[in-house]
Amino acid sequence: MNTVTLTVNGKPARADIEPRTHLADFLRDTQNLTGTHIGCEHGVCGACTILVDGVPTRSCITFAVACEQADVTTVEGLDNDEVATELRAAFTSEHGLQCGYCTPGMIVSARDVVLRMDDPSEHEIRVAMSGNLCRCTGYVGIVRAIQGVIAARRARGIAAIPGGEHRTALGPAGSGHAVAATQFGTASSGARKPTLTVAKSDSRPDAKAAAPARQDADWKPQTTFTESFTVGHPVDEVWAFFDRIGEVASCLPGASLAGEPVDGHVEGQIRIKVGPISAEFQGVADVSRDDATKTGTINGAGKDKRSNSATRGLIGYAVKPGDKPGETRVDVSIGYTLTGVLAQFGRSGLVQDVAGRLIAAFVQNLEAKLAHQAGGGEPGASAPPVVTELDAGSLVSSVVFGRIKRFFAALFGRR
């Protein structure tokens, strides 16, 4: 048994639970907060959506022990929330509910949309709410309710959170906001521990999953994060390496090219497996570089046929001198949109954890290849990567263990 201490709807909550207990069960069984409904129990339907530190979260696939000391808000905790009150009235007037089972999760997600999105179209609202399923209404009333609340608030001069398309709304209506940050370490002795900053935003749909993102100038990523890492090699070597797209791809576990790049255009695939979740995205990308500023961009899109999920991404990177002589710092910004079945896992933090591990593995392989070339190996010559496959089968349990470890370290005054 584990003792878990949370703040739930503004009050301290403490209980002894099994380590495998999900947050939804903790709330329902130990706190009698039955407004959090459990549907699919796979993070797909969205009925169990609540706020964890202000971020919409799937409580049916979130371990309670992973939320130690977190601030949790359920639908009951939104009784006096301004936005939630307006949404409840709008859902009633627009007939946005019938059986009501999905409604608590709908209200939580809709509140996030109202706070973040300034003037979304009907389609943008549907995309933003695609993680919440309803078997009764057909969504028309739900979308109209959200549109009505947004229009009414804007008419009263209440704007969306400034920069909301690049950050996650936190706390009750009118409160402050921030972005969530998670740190990932690498096993490479020459690399810093990169900081991964994740921020949700509104998005435009992936109209052409098989085409590069540059074909839609209005496209906005649903999720963005920034990353910085340092390698122990000179700037010119690192910049030259990034021009060899095949070698760069070989540093990313699960990635492979379908052929040689032609005028910056490349086709390929990347395989991702996390426990029972397995996907193989096949797609295309366009790569551009600026030698004067040592910056580059990658516009890409891909689709997983098995799950009918699609992703689009925009990556920007800058290569610059590090803090020490002979070192190079690489700053990377990544924005992506994930649609389809796999998009339902985005809010659980799983995508962010996988992205962090992929980047950490990339840094290790990059160091190995640069060291091979510095030792006399020819550029492009075969140098076995350190990490050939992303070991994410036990991702969730390792994340939970890491958080528990940090909690006890803080409890006993260790860092």
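Every heavy atom of this structure was used, including side-chain atoms; hydrogens, water molecules and symmetry mates were not.
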Closest contact, heavy atoms only, [X] versus [Y]:
X      : Y      : result
Pro120 : Ile150 : CG-CD1, 3.6 Å
Arg58  : Thr49  : NH1-OG1, 3.2 Å
Ala128 : Val113 : CB-CG2, 3.8 Å
Val149 : Ala90  : CG2-CB, 3.7 Å
Glu76  : Gly35  : OE2-N, 2.7 Å
Val284 : Glu267 : CG1-CG, 3.5 Å

- [ ] Say whether Asn9 and Thr74, considering side chains only, have a donor N or O and an acceptor N or O under 3.5 Å apart.
- [x]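 Side-chain D/A pair, Asn9 to Thr74: present.
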TODO: Verify the distance criterion only: is there a donor paired with an acceptor across the side chains of Thr295 and Asp290 at less than 3.5 Å?
DONE: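 On atom types as modelled, these side chains do not qualify, holding no pair under 3.5 Å.
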Would you indicate whether the side-chain heavy atoms of [Y] and [X] approach each other to under 4.5 Å?
X      : Y      : result
Asn365 : Pro253 : yes
Val8   : Leu27  : yes
Asp119 : Arg154 : no
Arg28  : Asn32  : no
Arg271 : Phe281 : no
Thr73  : Val52  : no
Glu227 : Ile334 : no
His22  : Phe63  : yes

Just checking [X]: does its [atom1] atom have more than 12 heavy atoms from other residues, nucleotides or ligands closer to it than 6.0 angstrom?
X      : atom1 : value
Arg144 : CZ    : no
Asn80  : CG    : no
Gln31  : CD    : yes

Do side-chain atoms of [X] reach the backbone of [Y] as a donor and acceptor pair under 3.5 angstrom?
X      : Y      : value
Tyr139 : Cys134 : yes
Arg329 : Ala318 : no
Arg289 : Trp239 : yes
His372 : Leu370 : no
His37  : Ala47  : no
Asn132 : Gly46  : yes
Ser59  : Cys48  : yes
Thr57  : Val55  : yes
Thr7   : Gly10  : no
Arg126 : Val143 : no

How far does [atom1] of [X] sit from [atom2] of [Y], to the nearest 0.5 angstrom?
X      : Y      : atom1 : atom2 : value
Cys251 : Phe242 : SG    : CZ    : 8.5 Å
Ile270 : Asp304 : CD1   : CG    : 12.0 Å
Ile245 : Glu247 : CD1   : CD    : 11.5 Å
Asp71  : Leu6   : CG    : CG    : 9.5 Å
Ile146 : Asp112 : CD1   : CG    : 10.5 Å
Leu23  : Cys67  : CG    : SG    : 5.0 Å

TODO: Take Leu314 and Ile298 through the test side-chain contact (heavy atoms from CB on, under 4.5 Å) and record every step on the way to the result.
DONE: CA-CA 6 Å; Leu314 175 62; Ile298 303 173; over 6 Å; no
So does [X] pair up with [Y], basic N to acidic O under 4.0 Å?
X      : Y      : answer
Arg111 : Glu86  : no
Lys320 : Asp331 : yes
Glu82  : Arg153 : yes

Task: Pair Ile50-Val108, side-chain contact (heavy atoms from CB on, under 4.5 Å): steps then yes or no - done: CA-CA 6 Å; Ile50 61 173; Val108 173; 5.5 Å; no
Task: side-chain contact (heavy atoms from CB on, under 4.5 Å) evaluation trace for Ile315 with Thr297 - done: CA-CA 5 Å; Ile315 301 174; Thr297 60; over 6 Å; no
- [ ] Please lay out, stage by stage, how Thr230 and Val363 fare under the test side-chain contact (heavy atoms from CB on, under 4.5 Å).
- [x] CA-CA 9 Å; Thr230 300; Val363 174; over 6 Å; no
Run the side-chain donor-acceptor check on residues 12-21: report pairs under 3.5 Å with partners two or more places apart or on a different chain.
unit_1: Arg14; atom_1: NH1; unit_2: Thr5; atom_2: OG1; d: 2.9
unit_1: Asp16; atom_1: OD1; unit_2: Thr3; atom_2: OG1; d: 2.4
unit_1: Thr21; atom_1: OG1; unit_2: Glu18; atom_2: N; d: 3.4
unit_1: Thr21; atom_1: OG1; unit_2: Glu18; atom_2: O; d: 2.9

TODO: Please list, chain by chain and in numerical order, all residues satisfying side chain to side chain donor-acceptor pair (under 3.5 Å) with Thr328, sequence neighbours excluded.
DONE: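 For Thr328, no residue satisfies side chain to side chain donor-acceptor pair (under 3.5 Å) once neighbours in sequence are set aside.
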